[in-house]
Number of protein chains: 2
Amino acid sequence: MENQYTIQQLSQKTGLSVHTLRYYERIGLLEGVPRDEHGYRLYRESDLLWVEFLMRLRGTGMPISKMKRFSDLRSEGGSTITERREMLEAHQAHIHEQMQALRDHLRSIEDKIDHYKGMEKEKSQAVSFNVPTGK
Amino acid sequence: MENQYTIQQLSQKTGLSVHTLRYYERIGLLEGVPRDEHGYRLYRESDLLWVEFLMRLRGTGMPISKMKRFSDLRSEGGSTITERREMLEAHQAHIHEQMQALRDHLRSIEDKIDHYKGMEKEKSQAVSFNVPTGK
DNA sequence: CCTTGCTTTAGAGCGCGCTCAAAGCTGTAG
DNA sequence: CTACAGCTTTGAGCGCGCTCTAAAGCAAGG
């Protein structure tokens, strides 16, 4: 119970580099990470969960500055819950926009793939039986 | 017929800055943009279409270096169609991964929003019920 | 003619998000 | 003891994708 992780272990678990984990702590995204008797970081389960959530924010395009704002609100305690929820809802809308844009672009790219497939087919036919063009 | 655009006009149509349009040309993403008698750029309809396609690649996370590769293949002509299709198919897979990641992260973020809503509700109840003799 | 505002180029600068380096301490193996 | 590896900190460096500047030319309005 109450697992603890060295920075290496947390790095492996999260996929973030040890550099990035220290960087996140330095800029205030992680606070109060406990240390052992030599000053080495010893992350708790709750730190792992928090880092994983940060990664979800980053992975959906939230800039570090906003993650910092969110993190600061979290440190301030329960009185900031509404503001945090509003931040996440704004971000949620942003994610929906991203997904819509991806869908649009994907469709266009797939059209281009199909177009190329058509050209590849034409070309192989042209070799087989020299079709006269009727454009 | 055969519309032409100044760099300003293309900037407005695409949403890219004039700086970015010149930058794209400088690094070879756009080639053979015609000029008027004073050396001013005069983009054709085909240039607009190409820029719009470039924006779709960028908008789906393709790095400039790969866009450059694609652009170079395009300049080489019809013999590169298969390679271009393969590039787009690889990118298509990448887009699908992005969309899946977004969906996952979104779900997690929405869970958190719901969690906050629950906490907000609790809190408002506490105010309503616990303190009948209000301030 | 002069001003304003657009265009051109080459090159410098910038913001973001890491990523690495230097210098020093701790722990383990041989 | 020596080596080596991993941890600490602060500060510098880097890759990406723009974004801006400088210096000069061109065009239209007053």
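To find a chain, count down the sequence lines: A is the first, B the second, and so on, and within it residues start at 1.
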B:Asp47/B:Arg44 ion pair, N-O < 4.0 Å: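 Salt bridge flag = yes for B:Arg44 with B:Asp47.
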Return the value, rounded to whole Å, for the distance between atom [atom1] of [X] and atom [atom2] of [N].
| X | N | atom1 | atom2 | value |
| --- | --- | --- | --- | --- |
| A:Tyr43 | D:dT8 | OH | C1' | 12 Å |
| A:Asp36 | C:dC25 | CG | C1' | 12 Å |
| B:Met62 | D:dC18 | CE | P | 14 Å |
| B:His19 | C:dA12 | NE2 | C1' | 13 Å |
| A:Ile7 | D:dT9 | CD1 | C1' | 12 Å |
| A:Met67 | C:dC16 | CE | C1' | 13 Å |
| B:Ile27 | C:dA10 | CD1 | C1' | 15 Å |
| A:Tyr5 | D:dC7 | OH | P | 16 Å |

Taking only N and O in the side chain of [X], is any of them less than 4.0 Å away from OP1 or OP2 of [N]?
| X | N | answer |
| --- | --- | --- |
| B:Tyr40 | D:dA27 | no |
| B:Gln8 | C:dT7 | yes |
| A:Arg41 | D:dT9 | yes |
| A:Arg58 | C:dC18 | yes |
| A:Arg22 | D:dT8 | yes |
| B:Tyr23 | D:dC20 | no |

B:Arg56 side chain reached by A:Leu106 side chain, heavy atoms, under 4.5 Å: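 The answer is no; the side chains never approach within 4.5 Å.
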Side chain proximity check, B:Leu42 to B:Arg35, heavy atoms < 4.5 angstrom: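 They are not in side-chain contact.
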Would you call the rings of A:Trp50 and A:Phe70 parallel, tilted or perpendicular if under 30° counts as parallel and over 60° as perpendicular?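 Taking A:Phe70 first and then A:Trp50, their aromatic rings lie parallel (interplane angle under 30°).
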Could you measure the distance from the CG atom of A:Leu29 to the CZ atom of A:Arg69? Nearest 0.5 Å is fine.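 One finds 13.5 Å between CG of A:Leu29 and CZ of A:Arg69.
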A:Leu42 vs A:Arg26, nearer the 5' end of DNA chain D by closest nucleotide: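 Residue closer to the 5' terminus by nearest nucleotide: A:Leu42.
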